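Chain A is the first sequence line, chain B the second, and so forth, proteins listed ahead of strands; every chain is numbered from 1. Only a predicted model underlies this, so the values are computations on that prediction, with no experimental measurement involved.
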2 protein chains.
Amino acid sequence: MIHKQKVRRSTRQRRLILDAVKDSLNHPSASDIYATLADSGIGIATIYRQLSALVEDGEIGSFEYQGEVRYDPIVQPHAHIVCSKCDKIWDVALPKGINNLAPTNDSFENFDVDLTWKGVCNDCR
Amino acid sequence: MIHKQKVRRSTRQRRLILDAVKDSLNHPSASDIYATLADSGIGIATIYRQLSALVEDGEIGSFEYQGEVRYDPIVQPHAHIVCSKCDKIWDVALPKGINNLAPTNDSFENFDVDLTWKGVCNDCR
DNA sequence: ATCACTATTGATAATGAATATCATTATCTT
DNA sequence: AAGATAATGATATTCATTATCAATAGTGAT
Ligand SMILES: [Mn+2]
Ligand SMILES: [Mn+2]
Ligand SMILES: [Zn+2]
Ligand SMILES: [Zn+2]
């Protein structure tokens, strides 16, 4: 029983939004992307819809921070460092062997890890 | 230069809210606590205010999940397992030695780690 | 116990992120 | 080119959380 693949049309809006995330450096929110594409005329609803769709399709990553969803051009698993002063976010490699440290009881099947270190960055000290 | 301690009054509302979180088992949200204390007459604004204050005072923990803040009776650092189907959350010990795996560049001072494993629980399979 | 000071409360308005609605438009298949 | 329908954009709506402010109630001093 193969799950039917949802047909996704290639629209100008989808391409622009994907490119904006792929070119981003700061884990942008939906309104960040909206601002970046301000002169494209893309509506805010489309920004939200396509960002969700792109995550669902595995084209981009996402996580929530400070009450809003942030998007990530990197889809490979990785960890983040956040500064609690300026709220900047950096990418960092997952600790080697972290998957071996997963809680292995056979009543749970792990498939994803969300790891964030919180601290104060150099600029804020 | 000691930082002046903010004076915090002991009110009936604060005590009830703290007790509700301490007695909780399901990482409740603000509205969960509001529901639990429904017959106490405590206003929703007070629920939010005191939950924030209790976190600030280190009396309870908190983290965000699925677009809302969840509160935690356990203040000691620990990790969570969440089921992406039923959204239930379990406590789990932090992997031993996780702090040694922190990204150690001297331009960043780590003091907190947020670790969540996401998967599908037994009931949902 | 009473007083004065002010932190806290509760009702409610306001904010901000995200979703729902729906007529119109654009994409894809034939 | 035509038909089917996914996608869009304007906007209304939902939902969590915060702001406002007059009234209330802890607290420390008398
Ligand atoms: Mn990242
Ligand atoms: Mn917990
Ligand atoms: Zn910083
Ligand atoms: Zn489950």
Participant: Between A/D32 (CG) and C/dA18 (P), how many Å, whole number?
Facilitator: 11 Å

Participant: Minimum heavy-atom separation for A/Y48 to A/A30, with atom names?
Facilitator: CE2-CB, 3.5 Å

Participant: Quick test of your reading of the model: are B/R14 and B/D19 salt-bridged, counting only N-O distances below 4.0 Å?
Facilitator: no

Participant: Find the distance A/I44:CD1 to C/dG16:C1' and express it as a whole number of Å.
Facilitator: 11 Å

Participant: Is there a donor on the side chain of B/R14 or the base of D/dG26 sitting less than 3.5 Å from an acceptor on the other?
Facilitator: no

Participant: Expressed in angstrom and rounded to an integer, what is the separation of B/R49 atom CZ from D/dA16 atom P?
Facilitator: 18 Å

Participant: Please report, rounded to the nearest Å, how far the P atom of C/dG10 is from the CD1 atom of B/I17.
Facilitator: 8 Å

Participant: Side chain of B/E68 only, please: which of D/dT8, D/dA16, C/dG10 is the nearest?
Facilitator: D/dA16

Participant: Of all the choices, C/dA11, C/dT8, C/dA20, which nucleotide is nearest to the side chain of B/Q50 once you look at every atom?
Facilitator: C/dT8

Participant: Taking the six-membered ring for Trp, are A/H78 and A/H27 parallel (under 30°), tilted (30 to 60°) or perpendicular (over 60°)?
Facilitator: tilted

Participant: In whole angstroms, how far is the P atom of C/dT9 from the OH atom of B/Y34?
Facilitator: 14 Å

Participant: Whole angstroms only, please: what is the OH-P distance between A/Y48 and D/dT14?
Facilitator: 18 Å

Participant: Consider the side chain of A/V69, meaning its heavy atoms from C-beta on, and name the nucleotide among C/dT19, C/dA18, D/dA7 that approaches it most closely.
Facilitator: C/dA18

Participant: Please round to the nearest 0.5 Å and tell me the distance separating atom CG of B/D72 and atom CG of B/D91.
Facilitator: 5.5 Å

Participant: Does the protein touch nucleotides 23-30 of chain C at the base, only the backbone, or not at all? Give it as B, S and - per nucleotide, heavy atoms under 4.0 Å.
Facilitator: ---BBS--

Participant: Please determine whether a side-chain nitrogen of the Lys or Arg among A/D87 and A/K118 lies less than 4.0 Å from a carboxylate oxygen of the Asp or Glu.
Facilitator: no

Participant: So does A/R8 pair up with A/E56, basic N to acidic O under 4.0 Å?
Facilitator: yes

Participant: Should we count NZ of B/K85 as having more than 12 external heavy atoms under 6.0 Å?
Facilitator: no

Participant: Just how far, in rounded Å, is C1' of D/dA6 from CD of A/E56?
Facilitator: 14 Å

Participant: What is the separation between atom CD on B/Q66 and atom C1' on C/dA17, rounded to the nearest whole Å?
Facilitator: 15 Å

